[in-house]
Number of protein chains: 2
Amino acid sequence: MRLSQQMEYGMDDIDRRLIAELQRDASASYATLAAAVGLSTASAHDRVRKLKERGIIRRTTVEVDPAALGRGVLSYVLIDANAWMGDASTGDALAALPEVEEAHIIAGAGTLLVKVRTATTQDLQGVLRRLYEVPGVASTQSIVVLETFFERPVSPTA
Amino acid sequence: MRLSQQMEYGMDDIDRRLIAELQRDASASYATLAAAVGLSTASAHDRVRKLKERGIIRRTTVEVDPAALGRGVLSYVLIDANAWMGDASTGDALAALPEVEEAHIIAGAGTLLVKVRTATTQDLQGVLRRLYEVPGVASTQSIVVLETFFERPVSPTA
DNA sequence: CTCATTGCCGAACTGTGTACGGCGATCTTA
DNA sequence: TAAGATCGCCGTACACAGTTCGGCAATGAG
């Protein structure tokens, strides 16, 4: 076992560059992908296959313009609870709301933090009403995003 | 011009189902993709190509396990400003920090909201120190995520 | 020193992406 | 109402890319 920077995932620098390329354009051919990292097509294919097998690459997906889907307004909602909300049932109840994109349990003042995308601020109002129907929700505090500088994938570079 | 639910993007139900399938697995073949929505291979190919041309599908990418990249700790940082931070230079300065995944200008109490991924909470400390070097940053308030219920793509369904 | 393991490569095969032409329906316009 | 244009859908064919296979060299273990 050799020394590792944080934990042993068996990732070397070529793997990180492969991930960076795939994050940029997962539709690129294995030939161009291999050329970008200085490997043969077969080797690049091997490495990407292993990254998927190990669960490091979870899936290949598409990034969509939220406004085109009627989700042009981004908000974050802090939730205070009057009961324990750490069980899976809470996650299921939040996942049932299609406008909720992320749901986290947090440390500090509040209890929950959810990321919400709606068409309008009126629709955010509707989501808040449905949030109050989730067991344990005592109060909410909404943060509406006026402008987004950037949203990008996890950086593979240290 | 027919009536639309929110704004005219020329999206019909088949387009939304195609997007949902691609979000689930963008590596699927056009044959299986077409079968999932009840179309021929050529038609599915046509629709996806147009969705990309119109910018509705921005890119195909991969979802990566953040922990494997040394980004196992997720935090949100609220920033209060003592100067105007709405210019692009602020966005550039934040984008220079690889741990910052999102940066937004928000309404309400604070001024900025950034999403940060680090290996440890000590590393979050380091990011905060560098955040204070960004012009305009007066104070910060960190929200550390203890557990994530889910993170998922934008829902194409109404 | 020998063996096992690992990562890399070239080449062949198979499947898929991609482009093309034609068909029918819908909407426009005269 | 009739004629034309536009749009979406489809089947087909070809070239390209994904995928697999066997072999080679380097590394590490026994």
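Computed from a predicted model, the values in this text were never measured in an experiment. Throughout, a chain's letter reflects where its sequence line sits, starting with A, and its residues are numbered from 1.
- A side-chain N or O of B:Y132 and one of B:T140 form a donor-acceptor pair less than 3.5 Å apart.
- When rounded to the nearest whole Å, the span between CG of B:D46 and C1' of C:dA19 equals 10 Å.
- Put simply, CD1 on A:I14 is 14 Å from C1' on C:dC9, counting in whole angstrom units.
- Note: A:H45 and A:Y30 have parallel aromatic rings, judged against thresholds of 30 and 60 degrees for the angle between ring planes.
- Distance alone, capped at 3.5 Å, places no donor-acceptor pair between the B:R58 side chain and the A:V62 backbone.
- With hydrogens and angles ignored, the 3.5 Å screen pairs a side-chain donor or acceptor of B:T90 with a backbone N or O of B:M85.
- With hydrogens and angles disregarded, no donor-acceptor distance shorter than 3.5 Å links the side chain of B:R59 to the backbone of A:D25.
- Between the P atom of C:dG7 and the CG atom of A:D15 lies a distance of 9 Å, rounded to the nearest Å.
- For D:dG18, neither phosphate oxygen OP1 nor OP2 lies less than 4.0 angstrom from any side-chain nitrogen or oxygen of A:H45.
- Of all the residues in residues 53-65 of chain B, not one reaches under 4.0 Å from DNA chain D with any non-hydrogen atom.
- Under 4.0 angstrom from either OP1 or OP2 of D:dG8 there lies no side-chain N or O belonging to B:S43.
- A salt bridge is defined here as a Lys NZ or Arg NE, NH1 or NH2 lying under 4.0 Å from an Asp or Glu carboxylate O, and A:E21 with A:R17 fails to meet this definition.
- Between B:G86 and B:I105 the shortest heavy-atom distance is CA-CD1, 3.7 Å.
- Of the charged side-chain nitrogens involved, at least one lies within less than 4.0 Å of a carboxylate oxygen, so that B:E151 and B:K115 count as a salt-bridged pair.
- For the contact set between residues 23-42 of chain A and DNA chain C, defined by any heavy atom under 4.0 Å, the members are A:L39, A:S40, A:A42.
- Every stem involving DNA chain D, taken as at least 3 paired positions in a row under the Watson-Crick or G-U wobble test at 3.5 Å, is listed here: C:1-12 with D:19-30, C:14-27 with D:4-17.
- One finds no salt bridge joining A:E102 and B:R152 here, because no Lys/Arg side-chain nitrogen approaches an Asp/Glu carboxylate oxygen to under 4.0 Å.
- A:R47 has a side-chain polar atom (N or O) that falls below the 4.0 Å cut-off from OP1 or OP2 of C:dC8.
- Side-chain atoms of A:R16 do not come within 3.5 Å of backbone N or O of A:S155 as any donor-acceptor pair.
- Contact annotation: A:K50 reaches the phosphate of C:dG7 (side-chain N/O to OP1 or OP2, under 4.0 Å).
- Between the side chain of B:D87 and the main chain of B:S89, no donor-acceptor pair closer than 3.5 Å is present.
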